[in-house]
Each structure stands twice: as structure tokens, then as C-alpha cells.
Amino acid sequence: GLPLSTSTFDYSSYHTLDEIYNFMDLLVAENPNLVSKLEIGRSTENRPLYVLKFSKGGSNRPAFWIDTGIHSREWVTQASGVWFAKKIVQDHENDQVLASLLDTMDIFLEIVTNPDGFAFTHTKNRMWRKTRSKHSGSICVGVDPNRNWDAGFGGSGASSNPCSETYHGPYANSEPEVKAIVDFVKSHGNIKAFVSIHSYSQLLLYPYGYTRTPVPDQKELHEISEKAVAALTSLYGTQYKYGSIITTIYQASGGTIDWTYDQGIKYSFTFELRDTGRYGFLLPAKQIIPAAEETWLALQVIMQHTLDNPY
Amino acid sequence: TETFVGHQVLRIIPTSDEELQKVQELQDLEDLQLDFWLEPRGLGLPVDVRVPFPSLQPLKVHLEANGISYSIMIEDVQELLEQEQTEMLRSSRR
């Protein structure tokens, strides 16, 4: 029952992990000169952690990272990741921003950042958010992988209770899903932009979440966010707020983009996709494509800025 | 597979510090097994919470007793999940 081509894949539907992994294989097979699939590690339950690499060649080029699905129940994010992958392939020659970006940079896209959690949402509990790691002395399972990074780890805005949805884990990078990205980012050493995609409160955020101290690049990141949100809103009128994590939502320690920013990746952002006040994590599948389309416009603004402002 | 029959998602918008405090305190009531989709963030900002069926009545009574207004964002979580499954099935058949 799996599609034989990415042209017959239904982008306006939610898919299982197997279907998404099959989609990746098809995309690689159809575009061998542009797309390759890297395995950057294994999850707690030994599932492969795949990253799609879009590259026109060269070695260790500067790179633009996008990840979706670190919180497994946020299904619109994995679905958007699939759509982004196809969009990159379709537009890499004709779209001016994408074409120029790929002339000098690579794009890395991790569509299912938390595959154990995602599989669990399809088989056992649709509302599962965390990883699936076990903790001695507790009956509760999983760590919030967006509290497990080595950036203010264990501070305010994360829980030390393994039963909490925001449990930070026993130590920073305890989750193989997080450690794999940490190792990849460090070994690559030339990632210039890092965008981590969540749902659902219509926000575009930049660091920090663990401290009220503004980042040195606050003004620039704020201006990019303003432009990106304007582009996003221009398509369907979806209203986004933007700002630093701590001033816009709440204090959250051990978060992804705080760590990437502290690693020197200046253009670190996180999205919270639609919707506000109707469906939450249960966004109907007919909204996948509009959500992905509008987000893509914002991503393009960040891509263009990254390209125009090398550092 | 866990089912969510009768679970509702309530949207609460705290309008005073007192209300915000009360909503924050709900996070500590483990017996109610509340699942905060959107955690309390500040005045005027929505808090979305999935409430298991057995906790609905006590929670609503608690909110009303404290004068905290709420709206029902999702009437029945399971109903939405079943629609989601039906759509996935339809897509894979197609």
C-alpha cells in the first residue's frame, strides 16, 4: 500500500513513520543528484534517526538546518516537513531564494526527530509528546526532548519529575535523539541557521528561553522575525507573534535553539505552527498544506537573510 | 490503544493575577490527570488543558467556584481522533 513515487504521495494527509521513511527513500531515489539520506544515530528503541541532505555538491558547505516532530504529537510538523522536502526538490531550480541558497549552502531536514514518540502516537497514545526512554525508580516514561539540551539544563521552566510532560531528563543530552543532533552539529561545524518546528500557538521565537538576558543579536533576530512573520501572514492572514522565548511564551530551560545559539549558530529560530483555539494538536489534515505553505514563506525569509549575511 | 472518550479540551484565559495563580495551581493537582496543551503563560494568554472525562465535573466546579471562566475548545477528543483515523484510511486507500 505504500506509494511508488513522491508524486502520488498524499501531502494533505497524516502518515505513519513507515510511510514517511518510505517517502524519504523515494525522494532520494528520484533525486540522487540533490538528495541523500544520512543516519545520524539511533533512538532509544533503536529506530534510525534520518536526516535528508539537499546539496548540489562541495564539501562541508555552510548549512541550513530544519527539524520537525521533536514533540511527537505535533503531527502537523512532521507533515509539514514532508511537504518542505518535496518543495525543495520541486523548486530548487526555479525558485530564486532556494536556487541561490543551494548554490552555496546545503539544507539538512530531519522530518521525524522523535521517531519512538511518533510511532507511539500512531499505535498506543495519540497524545504522547516525549521520547520513550525509561527511568530507574519511576514508572513514568520519556523525556521532553526540548528540555534536554545543554543550555541552562535543569533550570526553571523544566521539570525534574519523570512523570511531567516537561521532564528534562537525568542529564543533558541523555536522549539519543538529542545527542545525535548535538554530535552532528558539532562535527559538521558549519551550520549557519537552525530552525526547529513545533505546534501550535502561532509564534516565531528566537533565543533565549532559559535566561532573560537578551542575546547579542536580538535586534537582528527580531527584525528577521518581523519580516518572516509578515511573509507568513501574507498568504492566508494567519496571525503570528514573535520575540524571544522567555518574553513571548515562558521561561524554558534546556531548549534546542538556546543550545544552537550558544554553539555560535546565530540564526536560531523556533516556530509554533497554527492553530489558535480550535484544534490544538488535532489540526485537521486539510490544514497541512496551508500550514506548510505559509511556513515556507517565513523559512524563505530566514534563508535569504542567512544567505545575504554570511558570518 | 488509549482512547480519549469524553475528554474535553478547555480553554481558560486568566484575566487577573489571582486567576493566573489558581490556574497555575491546577498543574500540581496530579489526581485530575490534566494535560496542559498550552501552559499558563500570563494574563490574557490562553491556557488549553485536556481533561479526562472523570475529572471534567470536579474541574469545572473548581473553576466556577473560583469565578474563572472557560470555554470548551474540543467537545470530545475521541471524536476528532476518529475523524483523523478515517481520513488517514481514506487517504491510504486512495
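Side-chain atoms are counted along with the backbone in the values below, which use heavy atoms only and exclude waters and symmetry mates. Protein chains get the first letters and strands the later ones, always in sequence-line order, with residue 1 at the start of each.
Taking chain A as the reference chain and counting heavy-atom pairs below 4.5 Å, the highest number among B/D48, B/V9, B/T3, B/L38 is found for B/L38. Ranked by non-hydrogen atom pairs under 4.5 Å with chain B, the options A/N125, A/T8, A/T16 are led by A/N125.
Heavy atoms only, all atoms of each residue included: B/M88 and A/S13 are closest at CA-OG, 4.0 Å. The shortest non-hydrogen separation linking A/Y250 to B/E39 is CE2-CB, 4.0 Å. Nearest heavy atom pair, residue A/R278 against residue B/I74, reads O-CG1, 3.7 Å. Of all heavy-atom pairs between A/Y279 and B/M73, the closest is C-CE, 3.8 Å.
The 12-atom threshold is not exceeded at CD of B/E18, counting heavy atoms of other residues, nucleotides or ligands nearer than 6.0 Å. Counting non-hydrogen atoms of neighbouring residues, nucleotides and ligands closer than 6.0 angstrom, the CD atom of B/Q24 exceeds 12 such neighbours. Around the CZ atom of B/F53, the shell of radius 6.0 Å holds no more than 12 heavy atoms that belong to other residues, nucleotides or ligands.
Heavy-atom distances place no part of B/Q27 under 4.5 Å from chain A, backbone and side chain included. Looking at B/E87, both its backbone and its side chain come within 4.5 Å of chain A, counting heavy atoms on both sides. With a 4.5 angstrom heavy-atom cutoff, A/R73 touches chain B only via side-chain atoms.
In this structure, A/S201 OG and B/R41 CZ are separated by 5.0 Å, a value rounded to the nearest 0.5 Å. For the atom pair CZ (A/F9) and OG (B/S91), the distance works out to 8.0 Å, reported to the nearest 0.5 Å.
In this structure, the side chains of A/F281 and B/L80 stay at 4.5 Å or more apart for every pair of heavy atoms. The shortest distance between side-chain heavy atoms of A/K241 and B/L45 falls below 4.5 Å. Considering only heavy atoms from C-beta on, A/E165 stays 4.5 Å or farther from B/W37 through its side chain. Inter-residue side-chain proximity for B/F36 and A/T166 is flagged as unmet; no heavy-atom pair is nearer than 4.5 Å.
Under the 4.0 Å criterion applied to side-chain N and carboxylate O atoms, B/E2 and A/R126 are not assigned as salt-bridge partners.
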Using the salt bridge (Lys or Arg N to Asp or Glu O under 4.0 Å) rule, take B/R93 and A/D10 through it: C-alpha gap first, then chi angles, then the decisive distance, then the call. CA-CA 11 Å; B/R93 282 193 190 128; A/D10 186 357; over 6 Å; no

Apply the test side-chain contact (heavy atoms from CB on, under 4.5 Å) to residues A/T276 and B/R11: give CA-CA distance (whole Å), side-chain angles for both, the deciding distance (0.1 Å), then the verdict. CA-CA 10 Å; A/T276 294; B/R11 166 157 286 204; 3.7 Å; yes

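B/T1 contributes a side-chain N or O that, together with a main-chain N or O of A/T123, makes up a donor-acceptor pair within less than 3.5 Å.
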